[in-house]
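Sequence positions, counted from 1, serve as the residue numbers for this chain. Whatever order the structure lists them in is the order used to number ligands and atoms, beginning at 1.
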Amino acid sequence: MNYFNIPKIDLHCHLDGSVRPQTILELARQQKLSLPSEDIHEIQTLMVAPETCPNLDEYLSRFELPLSVMQTQEAIERISFEVFEDAAKENVKYLEVRFGPQLHQQLGLTFDQIIGSAVKGMKKAEQRYDIHGNYILSILRTLPKDDIRDIIDAGQKYLNNGVVAFDLAGSELPGFCHEFVPYAQYAVEKGYRVTIHAGEQGSGQNVYDAVSLLGAERIGHGIHIKGHEQAYDLVKDQAIALETCPSSNVQTKAVDTLGQHPVKAFHKDGVLITINTDNRTVSNTTMTDEVRKVVEEFDLTRQEYFDIYKVSIEHSFASERVKQHLRAFVE
Ligand SMILES: O=c1[nH]cnc2c1ncn2[C@H]1C[C@H](O)[C@@H](CO)O1
Ligand SMILES: [Zn+2]
């Protein structure tokens, strides 16, 4: 299988975790920010989470450096364009990127400016390359909640025109969903789709709650439904697609090794899975690498790969027109 050429779909990719190290250097120079190093290799080392990362929180510390240069409209637009460009160049046909608007306010940008810049960069890339995309707004579950409705309101202007969904991200504590019920409801009322990071560092119960309390249609990671019967059955019965991110899951110790990842067992048992990057830079990966890892580790046939690609199409938050375009690549 030619992993580079085969059509791919990435439904789980963080903007701030996918910044080119060279762009960090250039933006820091333009913005007169001092970096811990001027050396591209050292910048890359600082951004990539090590294989020896003890947990998700250590992994999440890698986002500080990219976020420091993502505080202007120009920087957000450029990085958005580049993430779509990088994906398009490895034959990703559809990409849903997510980011946390709360993390881009250090210099006083409004939520409209933040979201609008990201969407603008994506649209520029869509015009230049054969790629389509959408944005997902991630609320950081460890930050104060007073501006969540403002973010949802600001994104409404772009809804189904660049923005499609609501997400909760960041460190995962047991029972976190209970605190977010009114916000998810508010987002759904406004027309947002819902995907939630759950069952990555936390238990399968968080997945159960994300689906039953927050109305999640997809789950970011969801690994820990393994061993939690109720969550497993709910995900399977309601055809909730899991956004699997193999490299990231090994780095954050959600699984010890790729071989122990439940993705193949899930797939064989009829649980819907998709293959995604999570963070192109922090996880030092591409869609080509993630597909290669899953196909080779679990001995998937080309047909099985396209079955997963089809799950990504049907469970994407893309318009029917874009889904139709993506179906044309199925072999
Ligand atoms: O894998 C992840 N799990 C939970 N949160 C994550 C993951 N990758 C990135 N994030 C957080 C850190 C980013 O700053 C934020 C928004 O993209 O989302
Ligand atoms: Zn993620």
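- Ionic pairing of R78 and E82 is present here: one or more N-O contacts between side-chain nitrogen and carboxylate oxygen are shorter than 4.0 angstrom.
- Sorting the N, O or S atoms of H197 by how far they are from the Zn ion (ligand 2) puts NE2 first.
- Using a 4.0 Å cut-off between charged side-chain N and carboxylate O, R280 and E290 make no salt bridge.
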task: Would you sort out whether E85 and K124 count as a salt bridge (charged side-chain N to carboxylate O under 4.0 Å, His left out), showing the intermediate values?
output: CA-CA 9 Å; E85 180 174 63; K124 225 168 95 185; over 6 Å; no

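- Residue contact check for ligand 1: G170 places a non-hydrogen atom closer than 4.0 Å to it.
- Residue contact check: F99 has heavy atoms under 4.0 Å from atoms 17 (O) of ligand 1.
- A salt bridge is absent between E200 and K253: the closest approach of a Lys/Arg side-chain nitrogen to an acidic carboxylate oxygen does not fall below 4.0 angstrom.
- Each of the atoms 16 (C) of ligand 1 lies under 4.0 Å from some heavy atom of G100.
- Using a 4.0 Å heavy-atom cutoff, E172 is absent from the residues neighbouring ligand 1.
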### Query
Please walk me through it: do F99 and Y135 pass ring pair (Phe, Tyr, Trp, His ring centres under 6.0 Å)?
CA-CA 8 Å; F99 76 131; Y135 265 95; 5.4 Å; yes

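- Here is the list of ligand 1 atoms found below 4.0 Å of a heavy atom in N279: 8 (N), 9 (C).
- Distances from the Zn ion (ligand 2) to each N, O or S atom of D278 single out OD1 as the nearest.
- Contact annotation: H12 places an N, O or S atom under 2.8 Å from the Zn ion (ligand 2).
- Close approach of ligand 1 to L103 is summarised as follows: ligand atoms under 4.0 Å from at least one heavy atom of the residue are 14 (O).
- Paired with I43 under the rule side-chain contact (heavy atoms from CB on, under 4.5 Å), one option of I24, T281, V48 passes, and it is I24.
- If you run side-chain contact (heavy atoms from CB on, under 4.5 Å) between K8 and each of N276, L95, V92, only V92 comes through.
- Here the shortest heavy-atom distance to atom 11 (C) of ligand 1, taken over D57, L60, I139, D16, belongs to L60.
- Near D278, meaning under 4.0 Å from one of its heavy atoms, ligand 1 places the atoms 1 (O), 2 (C), 8 (N).
- Taking any N or O of Y59, backbone or side chain, none lies under 3.5 Å from an N or O belonging to ligand 1.
- When you scan the N, O or S atoms of H14 for the one nearest the Zn ion (ligand 2), you land on NE2.
- The protein heavy-atom contact nearest to atom 3 (N) of ligand 1 is E200 OE1, 2.7 Å.
- Nearest to atom 7 (C) of ligand 1 among the protein's heavy atoms is H14 NE2, 3.7 Å.
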